[in-house]
Amino acid sequence: APKKDFKLAWSIYVGWMPWQWAAEQRIVKKWADKYGISIDVVQVNDYVESINQYTAGGFDAVTLTNMDGLSIPAAGGIDTTALLVGDFSNGNDAVILKDKTALADIKGQKVNLVEFSVSHYLLARALASIGLTERDLSVVSTSDADMVAAWATPEVTAVVTWNPLVAEIIATPGANKVFDSSQIPGEIIDLTAVNTETLKDNPAFGKALAGAWYETMAIMSSDTPEGKAAREAMGKASGTDLAGYEAQLKATRMFFKPDEAAAFAKSPEIGATMDHVRSFLFDHGLLGNGADSADVVGIELADGKVLGDTGNVKFRFTDAYMADAAAGKL
Amino acid sequence: MSVISVKDVWKEYDDRVVLEAISLEIEPRAFVALVGPSGCGKTTFLRMLLSEERPDRGTIAIDGAPLPDEPDSGRGVVFQRYSVFPHLTVLGNVVLGLELKAAPLLGRLFGGARRAAETEAREVLAAVGLGGAEAKYPSQLSGGMQQRLALAQALIAKPKVLLLDEPFGALDPGIRAEIHLLMQRLWHERPLTVVMVTHDMSEAFTLATRVIAFERRRNEPSDGGRYGATITRDIEVWPRRIAGQPRPSRTSSLPGRDDPAPLTGANRDDPAIEGATP
Amino acid sequence: MSVISVKDVWKEYDDRVVLEAISLEIEPRAFVALVGPSGCGKTTFLRMLLSEERPDRGTIAIDGAPLPDEPDSGRGVVFQRYSVFPHLTVLGNVVLGLELKAAPLLGRLFGGARRAAETEAREVLAAVGLGGAEAKYPSQLSGGMQQRLALAQALIAKPKVLLLDEPFGALDPGIRAEIHLLMQRLWHERPLTVVMVTHDMSEAFTLATRVIAFERRRNEPSDGGRYGATITRDIEVWPRRIAGQPRPSRTSSLPGRDDPAPLTGANRDDPAIEGATP
Amino acid sequence: MRLINRRPNAGAGRILALLPFIVVLGAYLVGSAARLAENPNDKLLPSLSSLGAALQRMAFSTDPRTGDILMLVDTEASLYRLAAALAIAVAIGLVLGIAIGLLPYFRAGLGAFVAVVSMVPPLALLPILFITMGLGEASKIALIVIGVAPCLVRDVALRVGDLPPQQMIKAQTLGASTWQIVLRVVLPQTLPRLIDSLRLQIGPAWLFLIAAEAIASESGLGYRIFLVRRYLAMDVILTYVIWITLLAFLMDRGLALLQRRAFPWFAAARATG
Amino acid sequence: MRLINRRPNAGAGRILALLPFIVVLGAYLVGSAARLAENPNDKLLPSLSSLGAALQRMAFSTDPRTGDILMLVDTEASLYRLAAALAIAVAIGLVLGIAIGLLPYFRAGLGAFVAVVSMVPPLALLPILFITMGLGEASKIALIVIGVAPCLVRDVALRVGDLPPQQMIKAQTLGASTWQIVLRVVLPQTLPRLIDSLRLQIGPAWLFLIAAEAIASESGLGYRIFLVRRYLAMDVILTYVIWITLLAFLMDRGLALLQRRAFPWFAAARATG
Ligand SMILES: Nc1ncnc2c1ncn2[C@@H]1O[C@H](COP(=O)(O)OP(=O)(O)OP(=O)(O)O)[C@@H](O)[C@H]1O
Ligand SMILES: Nc1ncnc2c1ncn2[C@@H]1O[C@H](COP(=O)(O)OP(=O)(O)OP(=O)(O)O)[C@@H](O)[C@H]1O
Ligand SMILES: [Mg+2]
Ligand SMILES: [Mg+2]
């Protein structure tokens with residue numbers, strides 16, 4: 001139904017920090033005003049909680065990864081559209097071993113990671129790349145907030161995690177990155193997703209978000225004092241400093257330009273990635289308990305093709321808003 | 001016309017008969033002392049007079065009307081302990097009775113009404129010898145003073161019947177002698193019918209117009225609790241005491257009987273309130 | 001040679017003198033009753049005899065030697081309440097004294113040693129009239145039985161001195177009469193010097209060989225607590241009582257004085273233990 | 001009659017006791033039905049049948065991945081941690097509590113310290129705990145112990161201090177040493193009181209257990225709840241919450257029963273103060 | 001002399017009280033020095049000077065990004081939540097506790113329910129709470145209320161039930177209605193006892209606050225701790241932990257003082273039972 005007031009939930013992660021900065025700088029408000037709506041940008045510390053809240057209907061939009069978008073809201077019956085493709089992880093997620101240098105050494109170890117998260121997915125992909133499976137090791141679920149402390153204990157010898165934790169862990173002696181997301185480029189995608197129905201009824205919401213996002217992108221990517229100040233502020237807000245934040249940005253393939261983002265969203269690789277993702281989710285029982293195959297939840301790609309059940313499309317990619325931004329039509 | 005009439009009252013707890021066939025007429029302004037061994041049901045009987053318990057059989061009537069369902073301000077009570085409210089001052093404890101009556105919603109009086117109530121309360125306090133202690137809390141009073149306060153508190157509600165359950169049982173003998181005098185004076189001065197439970201025979205005979213003994217006549221273990229206590233003696237105290245006609249000579253000579261009164265100093269009732277004039 | 005000799009003892013609390021210049025010689029096997037108004041320092045004096053408190057001035061000696069620093073098994077004690085251990089059975093309470101002496105490490109006896117201790121304990125229990133109640137817990141006993149138990153417990157440690165702080169103050173008069181008889185018998189039978197605090201003059205004169213009164217002679221508020229209580233009377237009871245030479249006629253006639261004994265049933269001390277033979 | 005004097009009879013009492021449970025259940029069912037009508041895939045308030053299915057899946061069938069009955073494995077892991085932690089906390093509570101409550105030197109030395117320590121938020125100390133004790137069982141047990149023991153120590157100390165001083169005097173006149181007083185007078189009277197304190201700490205203990213398991217674990221009731229939160233599997237979460245509540249309730253009742261059985265003298269002694 | 005009879009004098013008592021604090025501080029310094037000698041960048045046990053620097057940074061300089069003093073902002077946010085939650089919990093505790101403790105009908109109806117509810121692990125309910133109440137202040141406050149109120153209700157009910165029945169009879173013989181008994185007899189005697197219960201709940205309240213702030217918040221002491229935990233910034237965490245401990249300790253003392261001041265009759269009444 002058409003409405004005026006919208007809420008976006010975001011959580012602290014390198015690729016989503018711009019939302020907070022945009023809200024603080026009143027860029028979001030500027031664009032919302034332009035479309036005669038209001039957008040409330042809400043920080044949620046706990047990433048999973050932000051998605052749960054979105055799924056339960058507390059928010060109209062949320063920042064999440066492609067994988068969690070499929071497993072939580074989409075599998076929960078909330079039709080979700082990936083409005084903006086912000087970036088993909090290009091080294092931000094990594095498999096790290098203590099005192100070992102080869103990925104194959106992971107065999108037989110206990111691996112600490114946030115279970116069922118993109119780290120878990122990364123591990124599965126890493127294992128697949130050398131012909132191992134999860135049966136060759138054991139997974140210990142560990143909260144991301146405590147991953148660094150966990151690494152400092154002697155019995156933890158292998159972790160899979162994301163930045164800034166990767167940077168903290170790599171900085172300790174004996175830590176070796178043996179696999180990272182740059183080896184599966186484009187598979188861990190950070191999105192700003194919107195409830196499909198809300199978006200259909202209120203395209204202005206999507207437009208305002210896209211406009212605010214790309215204005216922010218332009219500023220933060222610029223090599224001006226203003227850009228540097230923006231990055232510094234984002235770093236501070238995420239609990240680190242400019243250098244730390246820029247190091248994280250290096251491992252992130254940010255789509256600062258809307259045309260790049262639109263092109264990526266339309267690319268056929270997305271289809272391949274989502275196929276990997278849904279079979280991972282299905283294998284781990286994350287597509288719902290009644291699921292008898294990975295096809296239960298339909299995924300519509302930007303070109304209109306559908307993976308899985310066409311009668312139950314709940315997760316959609318689109319390049320429409322990014323293309324509009326690129327064309328200056330917002 | 002009799003104020004309290006008890007007719008063939010039985011009381012059981014858990015199939016054990018505690019009281020059996022109690023019948024009793026108590027005249028207006030009588031002072032009845034109830035004695036008997038521990039556990040024979042004296043307190044239980046008093047609780048029935050208070051409507052805290054209901055007889056299993058028989059009836060109790062006051063002024064011809066059956067007892068109300070629950071305690072009310074027609075029957076005042078003083079227990080051995082816990083009769084006064086620890087969170088209220090001496091004055092507050094007594095004023096409370098007036099406040100509850102006058103302010104159904106807040107239970108509190110303000111301004112002139114409160115001052116009037118306080119004046120009335122001070123009079124009662126003075127009558128029980130607690131003038132000067134109005135601002136203290138009960139815990140600052142000696143045991144004897146606490147029981148005086150409990151009396152004052154009960155009296156301000158102007159009950160027709162005053163029920164006392166070993167009110168002076170926890171007091172030192174000397175203090176007990178003093179409060180006996182007070183109790184007699186109050187009974188003479190106010191239109192009260194008093195029923196007092198006590199363990200102490202001398203207390204019973206010092207104060208009462210009539211001493212009633214409860215006792216379990218059959219007490220073999222093989223009975224299995226089928227028999228309760230009943231009235232075994234009903235003694236009119238002689239020479240007869242008549243409410244409103246105090247005979248100073250006899251009453252004041254009695255306390256000496258079991259009290260070390262000659263040994264006690266002036267203030268012994270009251271180490272906590274030195275300086276106040278009781 | 002005197003068993004307890006108290007010389008010019010003073011005691012202050014917070015700059016308030018409680019006891020002042022107490023001097024006293026107590027002969028062996030005396031039975032001293034300490035009376036006096038509430039708060040005059042009777043308990044304080046007893047606590048000093050027990051080494052629980054130390055005099056501020058003066059000395060206390062037993063058999064010529066200064067008092068030990070802390071309570072020991074030479075001096076037994078019975079308080080008004082809390083004298084027995086609620087978590088031990090009657091037998092356990094009495095055996096405890098033997099166990100503590102014989103088993104420094106575990107405080108427990110096993111096997112034959114325990115059986116021997118139990119036999120000894122049963123004898124003492126029988127002596128105080130608690131035969132048959134060995135397996136009960138104190139909370140299942142009446143107040144009078146609890147104090148008998150406290151006596152038994154104190155006696156099994158074979159103290160030379162027995163200190164009693166209002167041991168029977170919380171008991172019903174009838175029960176008190178019975179326990180008075182017991183107390184006298186124990187004093188006659190065992191080599192005990194007894195110091196008993198009491199409020200009850202008749203109790204003092206019923207039991208003691210000597211009655212000592214503490215009193216504060218100067219008690220004006222203006223004193224500001226500069227004067228404490230001291231010995232104001234020291235009465236040799238007449239006819240003289242001599243330990244080990246009971247005179248049945250006098251002792252058994254006394255309890256009637258303030259007790260409603262004629263009214264009490266056989267088992268009144270003990271509603272909880274019906275069927276047991278005390 | 002005044003409300004204060006009105007008593008429901010036994011039958012009415014039983015119905016009244018059930019009433020709030022029925023109301024809560026009813027409210028849940030209505031809410032669930034409403035949400036499911038809107039979105040049949042809604043996960044937030046699953047229907048009773050989904051709850052039943054979750055129970056069936058978790059408690060009565062083996063997990064295809066591990067071959068275990070998950071709820072059984074989780075329950076075992078959690079109860080083991082809880083039992084170990086409570087045992088340690090009880091030992092600490094008894095030793096320190098009796099020392100502080102009974103011995104003036106210990107009271108002077110440790111009283112204030114324990115009061116301050118009991119105010120430290122244990123969750124915030126987790127990193128230190130992990131690094132010193134590792135990620136394994138030890139740190140989880142330690143978190144519970146740290147969360148629960150200071151309260152037990154304080155409680156035991158208070159209750160030991162409340163024992164009538166007459167008892168200590170009496171014991172000394174029977175010739176008892178300090179050690180014998182601890183062993184024969186204080187300890188046995190402290191144990192039933194400790195059970196009271198322990199009952200109060202069951203709630204917090206579960207809390208710390210869940211918090212610890214949420215952070216690093218491979219099994220356990222808290223682990224499972226936080227794991228399935230990742231896909232909003234409220235059917236499993238609610239099943240587990242009810243199960244935990246039941247377990248906690250049974251532990252509470254069990255301790256109450258133990259107290260009554262093992263210390264028959266205590267109820268009466270407590271009543272008479 | 002037996003240990004039980006030995007008392008430190010005032011001076012020794014004060015030294016003894018300080019001793020454990022000094023020992024803990026010493027142990028920390030030794031551990032910290034050892035770790036820093038091995039790895040000067042070690043973050044786990046920062047030196048005193050880094051702690052001082054963290055304090056300076058958080059408490060005495062403004063954050064360049066927001067222009068706020070972070071520790072002040074965090075403290076305000078947390079204390080506001082805590083105060084609001086405790087106020088609500090106290091209100092619930094009083095109303096339900098008095099009703100259950102005093103009125104047989106309420107006891108029959110709610111006694112068992114409250115006993116069961118107090119066993120529900122609130123942390124496990126967090127997801128439901130956030131979803132039903134949103135992510136704002138409401139859900140954080142609600143978590144604390146849910147965690148704390150059942151205990152308060154139970155406690156208040158117990159303590160109301162412990163009031164001598166003679167008082168209720170006495171009040172009735174003075175003509176009091178149930179409402180007047182609540183107002184003039186029960187409530188004023190319950191308030192000081194409520195403070196006792198509340199003091200026991202301060203620890204759990206902080207726990208729930210920290211847990212709630214960790215999940216969804218933009219300021220608050222718990223929020224900051226979880227934010228910097230990702231970087232293992234123990235200097236900030238320890239500073240905050242000490243600060244929280246101090247705040248909790250002050251709240252505890254403050255309540256004790258309030259009890260003594262506002263209810264002068266209570267200490268004596270409690271002592272005499
Ligand atoms: N509410 C009750 N439920 C069960 N039994 C009760 C109850 N109240 C009293 N009794 C029993 O009834 C008997 C009489 O008790 P009551 O308190 O009336 O005796 P009493 O004569 O007042 O004794 P005391 O002199 O010790 O006060 C006792 O055996 C007691 O155990
Ligand atoms: N530990 C203490 N600290 C301060 N004052 C005390 C202490 N013990 C007793 N007192 C005071 O010393 C005085 C004497 O007390 P004590 O208990 O010895 O009196 P008592 O004669 O035994 O009185 P009662 O007959 O009431 O038992 C009282 O005024 C009491 O308040
Ligand atoms: Mg009675
Ligand atoms: Mg005394």
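Convention: sequence-line order gives letters A, B, ...; per-chain numbering from 1.
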Judged by atom type as modelled, is there a donor-acceptor pair below 3.5 Å linking the side chain of [X] to the main-chain atoms of [Y]?
X: B:Arg29; Y: B:Trp187; value: yes
X: E:Lys170; Y: B:Tyr82; value: no
X: B:Gln140; Y: B:Tyr137; value: yes

Less than 4.5 Å to any heavy atom of chain E: does that hold for the side chain of [X], its backbone, both, or neither?
X: B:Ala103; value: backbone
X: B:Leu98; value: neither
X: B:Leu50; value: side chain

Using a 4.5 angstrom heavy-atom cutoff, name the option from [options] with the most pairs to chain E.
options: B:Lys158, B:Arg108, B:Glu99; result: B:Arg108
options: B:Pro159, B:Pro104, B:Gly76, B:Ala157; result: B:Pro104
options: B:Asp165, B:Thr89, B:Leu105; result: B:Leu105

| note | Max heavy-atom pairs within cutoff under 4.5 Å with chain B, candidates E:Gln167, E:Gln189, E:Arg184, goes to E:Arg184

| remark: Ranking E:Ile169, E:Leu183, E:Leu163 by heavy-atom pairs under 4.5 Å to chain B gives rank one to E:Ile169

| message | So that I can tick it off, tell me whether B:Glu118 and B:Arg115 are bridged by a salt bridge, with the cut-off set at under 4.0 angstrom between side-chain N and carboxylate O. | response | no

| query | How far apart are the C-alpha atoms of E:Met168 and E:Ile181, what are their side-chain angles, what is the distance that settles it, and do they pass the side-chain contact (heavy atoms from CB on, under 4.5 Å) test? | reply | CA-CA 7 Å; E:Met168 310 303 147; E:Ile181 289 177; 3.8 Å; yes

| Partner of B:Phe168 under side chain to side chain contact (heavy atoms under 4.5 Å, CB included), chosen from B:Ile179, B:Val78, B:Thr198 | B:Ile179

